[in-house]
Number of protein chains: 2
Amino acid sequence: MIIREEPLQHLEIAEYLINQVQKGIIKAGQKIPSENDLCEQFHVNRHVVRQAIARLTNLGWVTPQQGKGCYVNCLPKPILYVLSSQTRFTENMETQGVSHESKLIHWEIDLPDLNEQESLQLDEREYVYRLDILRYINEQPLSITTSVFPCLELPRLEQHFDHFDSLYGILLDHYQLRPIRSHSMFQACLPTLKDTEHLKIPENIPIIRIESVMNHPSGFPIEYSVARVRGDMQKCVIEF
Amino acid sequence: MIIREEPLQHLEIAEYLINQVQKGIIKAGQKIPSENDLCEQFHVNRHVVRQAIARLTNLGWVTPQQGKGCYVNCLPKPILYVLSSQTRFTENMETQGVSHESKLIHWEIDLPDLNEQESLQLDEREYVYRLDILRYINEQPLSITTSVFPCLELPRLEQHFDHFDSLYGILLDHYQLRPIRSHSMFQACLPTLKDTEHLKIPENIPIIRIESVMNHPSGFPIEYSVARVRGDMQKCVIEF
DNA sequence: AAGTGGTCTAGACCACGCA
DNA sequence: GCGTGGTCTAGACCACTTG
């Protein structure tokens, strides 16, 4: 009598592999067995093995590399991002001693959409700057942020884009402006296809979406931003 | 000359379907075409269609139901959860007029792990209560929270579990205790397999993990909790 | 019984990295 | 050229829902 003990699934293979990594049997930087090897080992189809590996990938344990193999991530301990009314990316990273970089990958002048109108208390005819900023830590893409400012408040902002390094540096240097965080809204979601390209992540890695409104020191809203941050690379901390 | 315009992929089918839903061509509560129909429509294998639908599912647009079809979600606008030093789940939901419920699904007395020791400033020999609480809004599971308290602070806590409805209600009624949020840490991640069972979600839906420490009014830490919340059902708001 | 989604097998071709 | 992962086809069996 043959007992089919086959609620064996992609999920069980995934758990087995995660165990191997957690126990240190397969170490960070090493490869897990190839898909074909795993097929033989578990006597299953390659498709099933691939499902298992997909789960490992989404959970952040491994990253497959075409032509090479599937490597266990040297998981960088998630960066702490301390949120307060005064927080800036650059300063935050520097206090943690993390190498960082910001790139302006796109900017435009446009009419505000409904969200932007409401958050910035703008008329539908008041133009805004819309900037897309890609931020790196340790040479890896961490987040992409869309920041929106009323054009009126930051005249000729584009003049300062040539040597872009820190958004808040520009605001401070050229406009004597230090925005203050009014409120933020967090949500876990999946990246858009565009975001996956910029962040160089698979489309199933969860990201944290942070929607914020920043105020001018005198009180009115001056910046509306939506950041999409790799969930596995950052933890946001709020102190009360 | 035949032009292969076939970077057609599961992702493109997914985008097509998302468009149909966004434009209202397929409305909430309705079914999208069956897998076999989509196979014919796009002249692709069922496997490809299933990948596309998997993406829709993860993004929260649809939920497949075996034997019936794949229904467009009546997307409940994400609940706002306002985080402050005084926040409680029950009160938060009631101010928004949302029907809610809490179930204690597991409890134990145990020695604290390293995280818990550190967060609660406990000796490794001081026992803790560990509670798993499942919370519902509008009859749908929203979050699962593991709360840890030092046994010493809440003697005979289990006596009050019979008619469990609100954790903070018990603390207030029987211990005259109103914990105050010290800090919280957010991260986007994927659910564990256990969490998927409790929350009744597929394993690829992103969740937001909120790790918090709450203090006794006189200042020392009294509760360490880890909440896993459906990303598509809740937005956390922080006011500064 | 027919249709639906859930899971698996078997096998193909491609793009990439490496020796 | 070979092995790797990425993608797709073709077809099978199952569990569930509905008529």
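Lettering follows sequence order; numbering is per chain, from 1.
In this entry the distance linking CG of A/Asn36 with P of C/dA12 reads 13 Å, nearest Å. Here the C1' atom of nucleotide D/dA10 and the NE2 atom of B/His43 are 17 Å apart, to the nearest Å. With rounding to whole Å, A/Glu35 atom CD is found 16 Å from C/dA10 atom P. What separates CG of B/Leu56 from P of C/dG5 is a distance of 12 Å, to the nearest Å. Whole-Å rounding puts the A/Glu40 CD to C/dT9 C1' distance at 16 Å. Here C/dG3 presents its C1' atom at 15 Å from CD of B/Gln65, a figure rounded to the nearest Å. Counting to the nearest Å, the C1' atom of D/dT4 and the CD atom of A/Gln30 are 18 Å from each other. We find that CG of B/Asn45 is positioned 15 Å from P of D/dT7, with the value rounded to whole Å.
Note on A/Ser34: a side-chain N or O is less than 4.0 Å away from OP1 or OP2 of D/dT4. Residue B/Arg50 places no side-chain N or O under 4.0 Å from the OP1 or OP2 atom of C/dG5. Taking 4.0 angstrom as the limit, A/His10 places a side-chain polar atom (N or O) nearer than this to OP1 or OP2 of C/dC8.
Heavy-atom minimum distance, B/Pro191 versus B/Glu203: CD-O, 3.8 Å.
Set against D/dG5, D/dA12, C/dC8, the side chain of A/Gln51 has C/dC8 as its closest nucleotide. Across C/dT9, D/dT4, D/dT9, the shortest atom-to-atom separation from the side chain of B/Val48 is found for D/dT9. Of the candidate nucleotides D/dG6, C/dG6, D/dT9, D/dG6 has the atom nearest to the side chain of A/Arg46. The A/Gln66 side chain lies nearest to D/dG6 when the options are D/dT9, C/dG6, D/dG6. Set against C/dC18, D/dT18, D/dG6, the side chain of A/Lys68 has C/dC18 as its closest nucleotide.
Checking side-chain atoms of B/Arg130 against main-chain N and O of B/Leu111 turns up a donor-acceptor pair under 3.5 Å. A donor-acceptor pair is defined here as one N or O able to donate and one able to accept, closer than 3.5 Å; such a pair exists between the side chain of A/Arg228 and the backbone of A/Val226.
To the nearest 0.5 Å, the span separating CD1 on B/Ile205 from OG1 on B/Thr57 amounts to 8.0 Å.
The residue among A/Gly67 and A/His47 whose nearest nucleotide of DNA chain C lies closer to the 5′ end is A/His47.
Remark: the A/Glu118 side chain and the A/Tyr224 side chain contain no N/O donor-acceptor pair separated by less than 3.5 Å.
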